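The block underneath contains the structure these notes are about, expressed in C-alpha cells.
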Protein chains: 2
Amino acid sequence: MSAAREIIPIHALKAVCSTCSLQELCLPLGLAQEEMVQLDDAINQRMPVRRGEALFRLGDAFRSLYAVRTGFFKTVVVSEDGREQVTGFHMAGELMGLDAFGTDQHGCTAIALEDCEVCELPYHRLENLALEIPALNRHLYKLMSREIIRDQGAMLLLGNMRAEERLAVFLLNLSQRMAARGFSSRQFVLRMTREEIGSYLGMKLETVSRTFSRFQQDGWIKVQGKQIEVLDLAAIKQLVSGCIGLQH
Amino acid sequence: MSAAREIIPIHALKAVCSTCSLQELCLPLGLAQEEMVQLDDAINQRMPVRRGEALFRLGDAFRSLYAVRTGFFKTVVVSEDGREQVTGFHMAGELMGLDAFGTDQHGCTAIALEDCEVCELPYHRLENLALEIPALNRHLYKLMSREIIRDQGAMLLLGNMRAEERLAVFLLNLSQRMAARGFSSRQFVLRMTREEIGSYLGMKLETVSRTFSRFQQDGWIKVQGKQIEVLDLAAIKQLVSGCIGLQH
DNA sequence: CGAGGTCTTGACCTCCCTCAAGCCTTGTGG
DNA sequence: CCACAAGGCTTGAGGGAGGTCAAGACCTCG
C-alpha cells in the first residue's frame, strides 16, 4: 500500500484531464474546456500500481479518490471472520474510493489485478474546486448516485438470480464496458480468477467454472482459461432479458 | 413507532431542522446553528404519505430528496420481468432519493409501509445551499458514501451468508436503529411483511418464517406475527459476530 | 362476519455447495 | 532453457440448505 504511493513516474509527467482520452468516461464529463484545465491542476501525476498491490485498504485514512488510467482493479470488503466479498471490478476511466468520499476512512480495499496506472485526486483540492465549479460538484453527486444504483443492481443480482443468469449479466456487463473503451466486445481476457468472479457474484469458484463450461457446450462462448470469446451474444442477452443487472 | 406519530405538534408548522428532534440523525448533523437556520428555508413543510402510496417511483423526474419524519418506508427496484428486490427500509431521520441525487431520474421506488410524514428537500435549493455551506456539501458526500457502504454490506450479506445469519443481522440492525431513536431495542413491531424481509435478504418468505420459528424455539426471540421480542441478544450477536452486515 | 391477504408448517425436490482428484498454466530457480 | 512447484482450473460424486408447492390457520379490515 505505502509502496504504491511512493513510486514516482520516471519523467514525472502530470496527468492532464484536458487531453486525456478517457475524459468521456471519467470525472471531467460535462465540464467546459476551461473548467477542465482547472481540474488538471487538482490532479496528481500518474501513479503506477503493481499487480497484487493495494492502492488503499479498508480503514486507511481517506485522502484521495483514484481514477483508473490503465489496468484493472478489484475492490473487496473483508468481514472480521475473514470472509471476503468482491464489491466491484474497475477499469480505465472509473473512479475508486467514492465509498469514502467526504469521510475519513476508506470503506473497502482496492487491489490491482494487473500492473496499473491511476490518477490521484486529492480530496481537499477536489472539494474546493467543486465549490467553485457547480458543474463539477453536481457531477460528483452524479457519480456517487450512479455507484449506489450499481450496488443496488448487484443486490438484485445476488438476491434474485440464478447462477446462470448472474454469470450472463457479468459477461454482458464486461463486454459492454470493453466496447465503451474501444476494445472488442466479443473477445477479451478476464483479469480476475474464477474465485474472484464467484465472490462478486455470490457463488463458488466451481460453480463459475461449471457454468462457463455449460455456456461453452451451448455454443454461447468459447473459454480458454481467462480468454473469453463471445459467440452468441443474442442468447446471452436473452437469458438476461428483464434483469436489471450491473450497469457501470 | 406509532407512539412517535403522536408527538407531532398539533399546530402543524413548517418543518424546521433547527428545532427538529431528529437533527442528530438527519441531514443537519454537524452544521452550526446559523447554517441550520439557512437549511430551514430550503425545506418544504411536512408531507403526509399514506400507507401503500409511493413517494416516488423508479423513472420519476428527480426533484427532491426526502427525509422520513415519522413512519416507515421500503425502497424497491423492479426488473423488467417483474422481479422485485427490496433495497432498503427507512425510518425516522433517514434520507431517501440519494441514488438519484444529481441525476434526473429516480433509481428506485419508495413506498410507505404505514402512514408517514416526510420532509421534502428540493434539489436545486439544496444544491445552491451546499455550494454556500461547505460543511453541508461535505455532509451530503458523507451521506452518499455511507449509503454506498451500506449497500456493499448488503452485498456481503447476500453473497456470503446463510439464511440464519442474514435474519440475525437484520434483527440486530433493526434493533439498533430503534434504540438510536429512543424506542425499545428489545421489543418492536415489524412494519414489513415476511415477503418484503425475504426480498431484502435474498430468501423466500417461507424461509423467513421458518427461521423466525427456529429462533423462537431456541429461545432467542418471541414472535407473534409482526410483534418481535428479543430475548437473547447475546446469542444473536454471537451468530452475527464477524459479519459486517447492514450498518445504517 | 366474511374475504383476502398474511403467516406457518409439512413434504418434496433442485440447485448449488462441498470434497476430492487430476490437469493446466505460470512463474521461478537451478 | 528446462523442471518443478504452486496456484488456478475443470470435472465428478454426493449431500444439504433453501426453494417450491400445498394446505390450513390466523389476522385485519371493509
Side-chain angles (χ1 to χ4, degrees), chain A residues 50-53 72 74 83-86 111 113-115 157-171 189-218 221-229 239, chain B residues 2 50-53 72 74 83-86 111-115 157-171 189-218 221-229 239:
Chain A
R50 290 279 177 61
R51 176 178 181 181
E53 280 182 355
F72 211 90
K74 68 171 175 180
R83 277 183 278 198
E84 178 175 311
Q85 169 80 33
V86 172
I111 294 183
L113 294 179
E114 57 184 332
D115 292 349
L157 183 124
L158 290 167
N160 280 313
M161 294 167 64
R162 290 174 313 106
E164 274 190 337
E165 298 175 300
R166 294 182 198 189
L167 200 62
V169 169
F170 173 77
L171 284 174
V189 175
L190 300 174
R191 250 60 236 214
M192 70 294 280
T193 66
R194 302 288 191 262
E195 187 167 19
E196 287 159 343
I197 297 173
S199 170
Y200 185 49
L201 298 178
M203 49 209 256
K204 294 291 150 183
L205 70 97
E206 294 95 327
T207 308
V208 174
S209 180
R210 270 186 253 273
T211 309
F212 271 141
S213 299
R214 199 165 337 127
F215 284 0
Q216 181 161 239
Q217 276 161 34
D218 296 345
I221 59 175
K222 190 170 168 213
V223 188
Q224 282 180 318
K226 305 212 179 233
Q227 181 77 41
I228 298 286
E229 186 176 351
L239 183 56
Chain B
S2 51
R50 292 276 179 62
R51 176 179 180 180
E53 280 181 358
F72 210 91
K74 67 171 176 180
R83 277 182 277 198
E84 177 176 312
Q85 168 80 33
V86 172
I111 294 184
L113 294 179
E114 57 183 332
D115 293 349
L157 183 124
L158 290 167
N160 280 312
M161 294 166 63
R162 290 174 312 104
E164 275 190 339
E165 299 174 300
R166 294 182 198 188
L167 200 62
V169 169
F170 172 77
L171 284 175
V189 175
L190 301 174
R191 253 55 241 213
M192 70 295 280
T193 66
R194 303 287 191 262
E195 187 167 20
E196 286 159 342
I197 296 173
S199 171
Y200 184 49
L201 299 178
M203 50 209 253
K204 294 291 150 181
L205 71 96
E206 294 94 329
T207 308
V208 174
S209 180
R210 270 187 254 271
T211 309
F212 270 141
S213 299
R214 201 165 334 128
F215 284 0
Q216 181 162 238
Q217 277 162 33
D218 295 346
I221 58 175
K222 188 169 170 217
V223 188
Q224 279 180 319
K226 305 211 180 232
Q227 181 78 42
I228 299 285
E229 185 176 353
L239 184 55

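Below, chains carry the letters A, B, ... as their sequence lines are ordered, and counting in each starts from 1. No experiment lies behind these values; they were computed from the predicted model shown.
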Worksheet item: What distance do Arg162(A) atom CZ and Thr207(A) atom OG1 have between them, rounded to the nearest 0.5 Å?
Response: 13.0 Å

Practice prompt. Using whole Å, report how far CG of Asn160(A) lies from P of dC16(C).
Written response: 13 Å

Discussion item. Any side-chain N or O of Lys226(A) below 4.0 angstrom from OP1/OP2 of dT26(C)?
Written reply: no

Worksheet item: Expressed in angstrom and rounded to an integer, what is the separation of Glu165(A) atom CD from dC15(C) atom P?
Response: 12 Å

Worksheet item: Do Leu171(A) and Ile221(A) touch side chain to side chain, with heavy atoms closer than 4.5 Å?
Response: yes

Practice prompt. Using whole Å, report how far CG of Leu205(A) lies from C1' of dC24(C).
Written response: 15 Å

Worksheet entry | side-chain hydrogen bond (donor to acceptor under 3.5 Å, both in side chains) against Glu164(B), all qualifying residues, sequence neighbours excluded | Arg214(B)

Response to the item:
Sorted by chain and number, sequence neighbours left out, side-chain contact (heavy atoms from CB on, under 4.5 Å) with Glu195(B) holds for Thr193(B), Leu205(B)

Discussion item. If I take atom CZ in residue Arg191(B) and atom P in nucleotide dC7(C), what distance separates them, rounded to the nearest angstrom?
Written reply: 13 Å

Worksheet item: So what is the end-to-end bend of the helix from dC1(C)-dG30(D) to dG30(C)-dC1(D), with 5 pairs used at each end and the value given to 10 degrees?
Response: 50°

Practice prompt. Could I get the full list of salt bridge (Lys or Arg N to Asp or Glu O under 4.0 Å) partners for Glu114(A), not counting sequence neighbours?
Written response: Arg191(A)

Practice prompt. Rounded to the nearest angstrom, tell me the gap between atom CD in Gln227(B) and atom C1' in dT28(D).
Written response: 16 Å

Response to the item:
Whole-Å distance, Phe215(A) CZ to dT11(D) P, equals 15 Å

Discussion item. With side chain to side chain contact (heavy atoms under 4.5 Å, CB included) as the criterion, how do Ile228(A) and Phe215(A) come out once you've worked through the C-alpha distance, each side chain's angles and the decisive distance to 0.1 Å?
Written reply: CA-CA 11 Å; Ile228(A) 298 286; Phe215(A) 284 0; over 6 Å; no

Worksheet item: How does each nucleotide of nucleotides 17-27 of chain D score, in 5' to 3' order, for protein heavy atoms under 4.0 Å: base (B), sugar-phosphate only (S), or none (-)?
Response: -SSBB------

Response to the item:
Among the nucleotides dT10(D), dC29(D), dT6(C), whichever has the atom closest to the side chain of Ser209(A) is dT10(D)

Worksheet item: Do Ile197(B) and Phe212(B) have side chains that get closer than 4.5 Å, going by heavy atoms?
Response: yes

Discussion item. Looking at Arg51(B), I'd like to know whether one of its side-chain N or O atoms comes within less than 4.0 Å of OP1 or OP2 on dT28(D).
Written reply: no

Worksheet item: Within this structure, what is the CD-to-C1' distance between Glu114(B) and dC29(D), rounded to whole angstrom?
Response: 17 Å

Worksheet item: Is the distance from OP1 or OP2 of dT9(C) to the nearest side-chain N or O of Ser213(B) less than 4.0 Å?
Response: yes

Fill in: For Arg51(A), side-chain hydrogen bond (donor to acceptor under 3.5 Å, both in side chains) partners two or more places apart
none

Fill in: Whole angstrom value for the distance that separates C1' of dC29(D) from CG of Asp115(B)
14 Å

Worksheet item: So, do Thr211(A) and Arg166(A) sit near enough that their side-chain heavy atoms are less than 4.5 Å apart?
Response: no

